[in-house]
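What you see is a predicted model; the values in this text were computed from it and never measured. What you see below is based on every heavy atom in this structure, not just the backbone, and it leaves out hydrogens, waters and symmetry mates.
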Number of protein chains: 2
Amino acid sequence: MVEQADTLRRTPLSRDRILRAAVALANEAGIESLSMRNLAQDLGVVPMALYKHVANKDELLDGMIDVVVGEIDPLVPGADWKHMVRRRILSARQVLRRHPWAPLAIESRNMATPAILAYLDSMVGAFRAGGFSADLAHHVMHAMGSRILGFSQELFDAARRAGRSGTTVPDSPAALPPGVAARFPHLAEIATAASHDDESVVGQGCDDQFEFEFALDLLLDGIERLHQQGWTSSRRPR
Amino acid sequence: MVEQADTLRRTPLSRDRILRAAVALANEAGIESLSMRNLAQDLGVVPMALYKHVANKDELLDGMIDVVVGEIDPLVPGADWKHMVRRRILSARQVLRRHPWAPLAIESRNMATPAILAYLDSMVGAFRAGGFSADLAHHVMHAMGSRILGFSQELFDAARRAGRSGTTVPDSPAALPPGVAARFPHLAEIATAASHDDESVVGQGCDDQFEFEFALDLLLDGIERLHQQGWTSSRRPR
DNA sequence: TCCATGAGGTGTACGCCGTACACCTGAGGG
DNA sequence: CCCTCAGGTGTACGGCGTACACCTCATGGA
């Protein structure tokens, strides 16, 4: 039995093993359960052992972020910047759906990791290759903001909540408590008007994917229009 | 001297006084310095005294958020939904610039406060009054996302950083460390191409206000176009 | 006038967190 | 054969949110 325990934790610790365990823990139990102590316990090791492989918790988070960013599909070259960018952002979104804690983690760091910089750099590259001026590409990157990493940017977001408190529990359909609905009639109205293409299923929650693509296409279409007009910041509209 | 101390803290505690002190502390020292202990010390009181007026730290944050939301200008009625919405969002942005900790605080709560719900409700009302279908208004609210509260949604944001670590220190101009610039040529290019209308000041950081309005107008223009086209989710483009 | 009441401030204590620092241990090289 | 040192351990510190028992003192009914 002692030997069993020994065999179980025979696999030596390594930065990589720590990062994978940390990502798994955050996926399953939520980012708020990711403490150095919990993580060490999952790895069958004493908390301080982790510090031989990661400098501190912030660096651990950076490493986890890089793991996530590494899962995003690379840009597939193509003639059309719009499809390239759209496709990759949707891939990023899929990755974030697997790691709902990631947006919060990324936002809470105050400098980009090299992996994120590389991702952003390649996105700018796609715009430039599509004929965008550096000027326009710059503003476009700002306008996309965190959406370019697949963030949904919802104010109150079931996925975010999952990233905090553990596995996703499906939102109760169109969940506005009765008293609330009465005080905020416009919200109640659009909550029940969550139609989408399936009109029969009325009053269900929102189709996150639809909302995401709606917003993404709104931006991309607007960007395409500016690009076609030869927009520059010096002679800007209005 | 005992009397002096007594006179100083003669003002009795109250929920309102606590909230104002908390907002002030977060503004000055950053949200990470806002602990019940620090706040109590600022108020000349023992930590547990706060709990007679707020249930716990989460409720304190909710209260602080409501203070911030309360500072946003109300909707000024007008014929044009676009100007109404635009104006109010820019007001929200100004408020957030005074309280850089607020976005993080809002995102970290997992349900909207009544004040935020009221704000969102009135925004929906503006769209509806402008002739939007409930359907379109719904998707538009999702597409605006946190931008509707004035969030800039930058991935790595000087204001965010300030909200974390205290008072804003102006960003060093176009701050890309030399090694980084070499590895990410496209980022380097658009960083130096931060032109704006003042071409003489080259390589300065970004004009946050410009970037925010650029993104906001991109969205609003796209929304206006959909509205004019009588967009509905049942017969959606593509 | 007196005393019960209860709102509101206090003190202590618990379990969590990140992590500094001294220590031990065992495999690999001279 | 022993030295070294990478890597795992144990203890401890200061910070956090907050449960819980306590004290204090203004207030209002008898």
Worksheet item: What integer distance in Å separates A:L13:CG from C:dA27:P?
Response: 17 Å
Discussion item. Under 4.0 Å, heavy atoms only, any strand: does A:K52 hit a base, just the sugar-phosphate, or nothing?
Written reply: base
Worksheet entry | Spacing of B:L43 atom CG relative to C:dT10 atom C1', expressed in whole Å | 15 Å
Discussion item. Under a 3.5 Å cutoff, is there a donor and acceptor pairing between the side chains of B:S146 and A:E154?
Written reply: no
Discussion item. Rounding to an integer number of Å, can you tell me how far B:N56 CG sits from D:dC16 C1'?
Written reply: 14 Å
Practice prompt. Rounded to the nearest angstrom, tell me the gap between atom CD1 in B:I31 and atom P in D:dG17.
Written response: 11 Å
Discussion item. It should be established whether B:H53 places a side-chain nitrogen or oxygen under 4.0 Å from OP1 or OP2 of nucleotide C:dG9.
Written reply: yes
Discussion item. Distance check needed: D:dC16 C1' versus B:L60 CG, whole Å only.
Written reply: 14 Å
Worksheet item: Is the closest basic N to carboxylate O distance between B:R15 and B:E59 below 4.0 Å?
Response: yes
Practice prompt. Return the nearest nucleotide to the side chain of B:K57; candidates are D:dT9, D:dT18, C:dG18.
Written response: D:dT18
Response to the item:
Side-chain atoms of A:A49 come closest, of C:dC17, D:dT9, C:dG9, to D:dT9
Worksheet item: When you check the gap from the basic side-chain N to the acidic O, do A:R20 and A:D16 get nearer than 4.0 Å?
Response: yes
Fill in: For atom CD1 of A:I18 and atom C1' of D:dG8, their distance in whole Å
11 Å
Output a table of nitrogen or oxygen pairs between the protein and nucleotides 11-16 of chain C separated by less than 3.5 Å.
none

Practice prompt. Scan residues 43-56 of chain B for pairs that pass side chain to side chain donor-acceptor pair (under 3.5 Å), counting only residues two or more places apart or in two chains.
Written response: none
Worksheet entry | Residues B:E71, B:R98: salt bridge by 4.0 Å N-O rule | yes
Response to the item:
To the nearest angstrom, the CG-P distance between B:L34 and D:dC16 comes to 10 Å
Worksheet item: Nearest-Å distance, CE (A:M36) to P (D:dC16)?
Response: 20 Å
Practice prompt. List in chain and number order the residues that pass side chain to side chain contact (heavy atoms under 4.5 Å, CB included) with B:R183, two or more places apart in sequence or in another chain; answer none if no residue qualifies.
Written response: A:P114
